[in-house]
Amino acid sequence: MCRQRLAVCPPLDVRFPRFGVSFHPQHQIGFRMSVRTRFAPSPTGYLHIGGVRTALFNWLLARQAGGQFILRIDDTDQQRNVSEALQPILDGFRWLGIDWDEGPGVGGPHAPYFQSQRDGYYRAAVRKLLDCGAAYRDYATSEEFQAERQSAEKDKRIFEYSRRWMAETDSQAAEYEGQGRSAVVRLKMPREGKCEFVDLVRGPMSFEWINEADHVIQRADGTSLYNLASVVDDVEFGITHVVRSIEHLANTPRQVFIFRALGADVPHFAHLSYVAEPGSQNKLSKRKIAQYLKNPDFKRVYDEGVEIVERIGATHSADSFNPVLVEFYEQVGYLPPAINNYLLLLGWSLDDKTEFFTREEMIRSFSLGRVIKSPASFDPQKLVAFQAHYMNQLEVPAKVDAVLPYLEKAGLVSQTDEATRKFVERIVRAADQRLVVAGNILQFRDFFVDDGRIERDESAFDKRIVQPAEAGHLLSEFKKLIVGAPDFSAATLEQLLHEFVARFQIKINQIIHALRVALTGKAVGFGMFETMEILGRDRCLQRLDSALERLETARTRTAR
RNA sequence: GGCCCCGUCGUCUAGCGGUCUAGGACACUGGCCUUUCACGCCGGUAACACGGGUUCGAGUCCCGUCGGGGUCACCA
C-alpha cells in the first residue's frame, strides 16, 4: 500500500494553523501543480440549493488557484433518462455562471465524464484491488452477511465480518459458484490502527479501522458502487481537493483505503455541513416544501413566485417550482450574483462585516479554512435582501432587458421595438426599488392594458372614492383641469395639482388617494405624477371617466 | 444502539484567553421622511445550550451532560 503523500498546497489560509502547526500548508510539500476540484451530481432532474453551494465552493477553490473545476455525473444507479434529468442541472450552473472546465458538453482529456460510461476503469481498479489483496470476492448472500452483522449488534460486539465465504483462489470461487452462489467484491479493510487525515474545514480526523465494515465495491452483476467509482474517477481526473457535503465524511476512511491501495495520492478532503431548513437544523429537502410553506418568510417568497409564473402562464409543479431549487429563482427573475453571494455566505464569511462580493472578490477571498463547521439554515428572506441589493445595482437598460421577457410571456407586450423599450423603461424607472425580482414588473401590468382590463381593488375604490362625499366632485373638477394642461409631464401635473388644492382649499390627501384609485384601480403604486405621465393624457381622462361612471353606479345602487 | 460531526441573537455570522457590560447583516420593531406603497435615514428588542474544571482572567482551552445532525446499503 502506498504511503499517503500529502500533495499540493491548498490556498493559503491564515486560519489553517488552528489545526496544529504540522498541518500548516507550508509544511506540505506540493508536487502537483494545480488545484483540481469537482462536483458530482446525480441526474435527478433538478438542482438543489445545497448542491449549488457545494459546487460553488469547489468552483471558487479551482478558480482561485487557476486550476480546473470538473463536472462528473454520478449516474451509476440511474434508471431514468439521464440526459433529460441532467439538463436542469447543467442549465442551472450555466445560468449561475458556474462554469466547468471538463465534463458534459465541454468534454476534456479524461472523457467520458459519466460514470455509467466508465465501467472499464472501475473493473480494472477492482482487478488491481483484488490482485494486491485489498479486496476479495465474497460469495456470501446478502442475508448471510446481514445475519452476522445483526448478531454482532445484538451482542453489542464490534462487528467483525468472518469472511467465511471469501474466495481466495479460483478453485474456491468455482466451488462456490457450483453451489449457485455469486460474488460481490468487498474491501478487505484493516482491523487495527487508525485512518487519519486532515479535513480542510474540520481539522485532523481519526477513525478506528476496526469500525469500518468490509464494504461492497462491486455488485454481483459486476457493476460498481459509489465508493469505488468515486475514488477511481478522482484518481483518474487528478482531483486534488474533494470538497463535498458532510454525509460523505463517514465514507472517507474507506475511500482513503482505496486511494492508498490503488497507489494513488490521497486528495485533500473538506466536508461541508449541509444546508438546513429555514429555522431548523434538519437538512433542507425539496420534498418537505409543504412543511416549509408554514414558515411565513418562505411562503412569502414562494407566493410571490407563484403569482409571477401564473401571470406568465407557466406551470409550477413542485418538481421544479420550489424555492429549494434554483430553477425557481431563474423562473421568477432573480439575479445570479444575488444567489451566488447569498450562497457564498451560507457557511462562509470573510470577516465581521463584508457582505457583498463581486465574482472576482469571491474568487479572491474564498478559503476553506473560514468555512463554518455547523449547519447553516436556508433563509429565503435573506436571499431576497441580496436580490434587492443586486437589482438595485443594475443599470436601467439591464433592468429593461430583465423585465421584457416577463411582459412578453404575459402577453402585455407584443414586440420589443424602440418605442416599447422606452415605455417599459419609464415604468422601470418609476418602479425604482419596488422592482426586486424581474417578474415584479407584472405588478404594473395595468400600464399595458386597456381601461376595461384593469385589475381593481374594490375596497380601495369604496374607501377612497365612494365613501368620501367630495371625491367625485373633486375628480371631475380635476379632470377639467388636466384636459387643458399645457403638457403632461410629471412636473407640470404636480404644479397643477398643487394649484388645484389651493383653489379648492383642500388637503392634498383628499384628492390624491381618490386619483390613484381612479387611475390605477389600486391604493398603492409609485409616484402619482409619474404614474400620470406614463399613462398619458388620453388614458388618464378615459380612466377618470370610467371611475366617475362606476361611482355613479355605486351611488345609485346604495340609494335604492 | 456503535462510530462520527456540530452547538454565539429568530436566521446568517464575527470572535482563535483580557480590546466582549459580545460586533455586523437579514428579519422584527419605534421614529423620521412622505400623496400611498417601497426605498432611505436614526433608534430599539434579541445570543455565548447546561454543569464542572484549567487560569489572575473563558464565548474562546479541557471534561461531562443535554440537544441537533450524519453514517452504519449489492443508494449516491
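First the proteins, then the strands, lettered A, B, ... as listed; each starts at 1.
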Any chance you could lay out the salt bridge (Lys or Arg N to Asp or Glu O under 4.0 Å) test for A/R72 and A/D74, step after step, and finish with the verdict?
-> CA-CA 6 Å; A/R72 178 235 287 169; A/D74 282 14; 3.0 Å; yes
Expected string for nucleotides 6-11 of chain B under the B/S/- scheme (protein heavy atoms, under 4.0 Å, primed atoms plus P, OP1, OP2 as sugar-phosphate) is SS---S
Distance, [atom1] atom - from [M] to [N], rounded to whole angstrom:
N: B/G7; M: B/C62; atom1: P; answer: 12 Å
N: B/A46; M: B/C5; atom1: P; answer: 36 Å
N: B/G30; M: B/C37; atom1: P; answer: 14 Å
N: B/U60; M: B/G44; atom1: C1'; answer: 29 Å
N: B/C50; M: B/U45; atom1: C1'; answer: 25 Å
N: B/G43; M: B/A49; atom1: C1'; answer: 31 Å
N: B/C48; M: B/U8; atom1: C1'; answer: 4 Å
N: B/U65; M: B/C6; atom1: C1'; answer: 16 Å

Which of parallel (below 30°), tilted (30 to 60°) and perpendicular (above 60°) describes [X] and [Y]?
X: A/F504; Y: A/H473; result: perpendicular
X: A/H389; Y: A/F356; result: parallel
X: A/F269; Y: A/H271; result: parallel

Side chain of [X], heavy atoms from C-beta onward: which of [options] has the nearest atom to it?
X: A/R434; options: B/U35, B/U36, B/C5; result: B/U36
X: A/D297; options: B/A76, B/U35, B/A27; result: B/A27
X: A/S142; options: B/A76, B/C74, B/U36; result: B/C74
X: A/F207; options: B/A76, B/C37, B/C3; result: B/C3
X: A/V184; options: B/U71, B/C74, B/A27; result: B/C74
X: A/N251; options: B/C3, B/U35, B/A76; result: B/A76
X: A/N211; options: B/C5, B/C74, B/C3; result: B/C3

Would one find a side-chain N or O of A/R219 under 4.0 angstrom from OP1 or OP2 of B/C75?
-> yes
Any side-chain N or O of A/N282 under 4.0 Å from OP1/OP2 of B/G69?
->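 A/N282 to B/G69 OP1/OP2: side-chain N or O found under 4.0 Å.
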Pull out every residue in residues 346-353 of chain A that has a heavy atom closer than 4.0 Å to any atom of RNA chain B, ordered by number, or say none.
->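 Going residue by residue through residues 346-353 of chain A, the ones with a heavy atom under 4.0 Å of RNA chain B turn out to be A/L346, A/G347, A/S349, A/D351, A/D352.
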Separation of [N] [atom2] from [X] [atom1] (nearest whole Å):
X: A/F298; N: B/A27; atom1: CZ; atom2: P; answer: 17 Å
X: A/F356; N: B/C12; atom1: CZ; atom2: P; answer: 18 Å
X: A/I511; N: B/U35; atom1: CD1; atom2: P; answer: 15 Å
X: A/R72; N: B/A76; atom1: CZ; atom2: C1'; answer: 10 Å
X: A/I158; N: B/G2; atom1: CD1; atom2: P; answer: 11 Å
X: A/E355; N: B/G24; atom1: CD; atom2: P; answer: 12 Å
X: A/D214; N: B/C74; atom1: CG; atom2: P; answer: 12 Å
X: A/K156; N: B/C3; atom1: NZ; atom2: C1'; answer: 14 Å

After noting the C-alpha distance and the side-chain angles of A/F159 and A/E148, does the key distance pass the side-chain contact (heavy atoms from CB on, under 4.5 Å) rule?
-> CA-CA 8 Å; A/F159 171 48; A/E148 276 199 25; 3.8 Å; yes
Describe the nucleic acid contact of A/A523 in one word from base, sugar-phosphate, nothing, applying a heavy-atom distance below 4.0 Å.
-> base
Tell me what A/H248 touches on the nucleic acid: a base, only sugar-phosphate, or nothing, going by heavy atoms under 4.0 Å.
-> base
Salt bridge (Lys or Arg N to Asp or Glu O under 4.0 Å) between A/R38 and A/D234, intermediate numbers included | CA-CA 8 Å; A/R38 46 76 162 177; A/D234 286 343; 2.8 Å; yes
NZ or CZ of A/R429 within 45° of A/F526 ring axis and under 6.0 Å |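 No; the conditions do not both hold, so A/R429 does not lie above the ring face of A/F526.
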Under the 6.0 Å and 45° cation-pi test, does A/R118 pair with A/Y121?
->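 Because its charged atom sits under 6.0 Å from the ring centre and within 45° of the axis, A/R118 does stack over A/Y121.
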Criterion ring pair (Phe, Tyr, Trp, His ring centres under 6.0 Å) against A/F357, the qualifying member of A/W348, A/Y390, A/F366 | A/W348
Checking base pairs now: Watson-Crick or wobble, both atom distances under 3.5 Å. What partners [N]?
N: B/U19; value: none
N: B/U35; value: none
N: B/C28; value: B/G44
N: B/U54; value: none
N: B/G2; value: B/U71

Hey, do the aromatic rings of A/Y226 and A/H248 have their centres closer than 6.0 Å?
->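 Yes; A/H248 has its ring centre under 6.0 Å from that of A/Y226.
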Among all residues two or more places apart in sequence or in another chain, which pass the salt bridge (charged side-chain N to carboxylate O under 4.0 Å, His left out) test with A/R543?
->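 By the salt bridge (charged side-chain N to carboxylate O under 4.0 Å, His left out) rule, A/R543 matches no residue at all.
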For A/A140 and for A/R516, locate the closest nucleotide of RNA chain B by heavy-atom distance; then report the residue assigned to the nucleotide nearer the 5' terminus.
->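 With A/A140 and A/R516 compared, the 5'-side residue is A/R516.
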Let me know, please, whether A/N392 or A/Y274 comes out on the 5' side of the other along RNA chain B by nearest nucleotide.
->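 On the 5' side of the pair lies A/N392.
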Does a sphere of radius 6.0 Å around NZ in A/K194 hold more than 12 heavy atoms from other residues, nucleotides or ligands, not counting ones at 6.0 Å or beyond?
->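 Counting neighbours around NZ of A/K194, 12 or fewer heavy atoms of other residues, nucleotides or ligands fall under 6.0 Å, so no.
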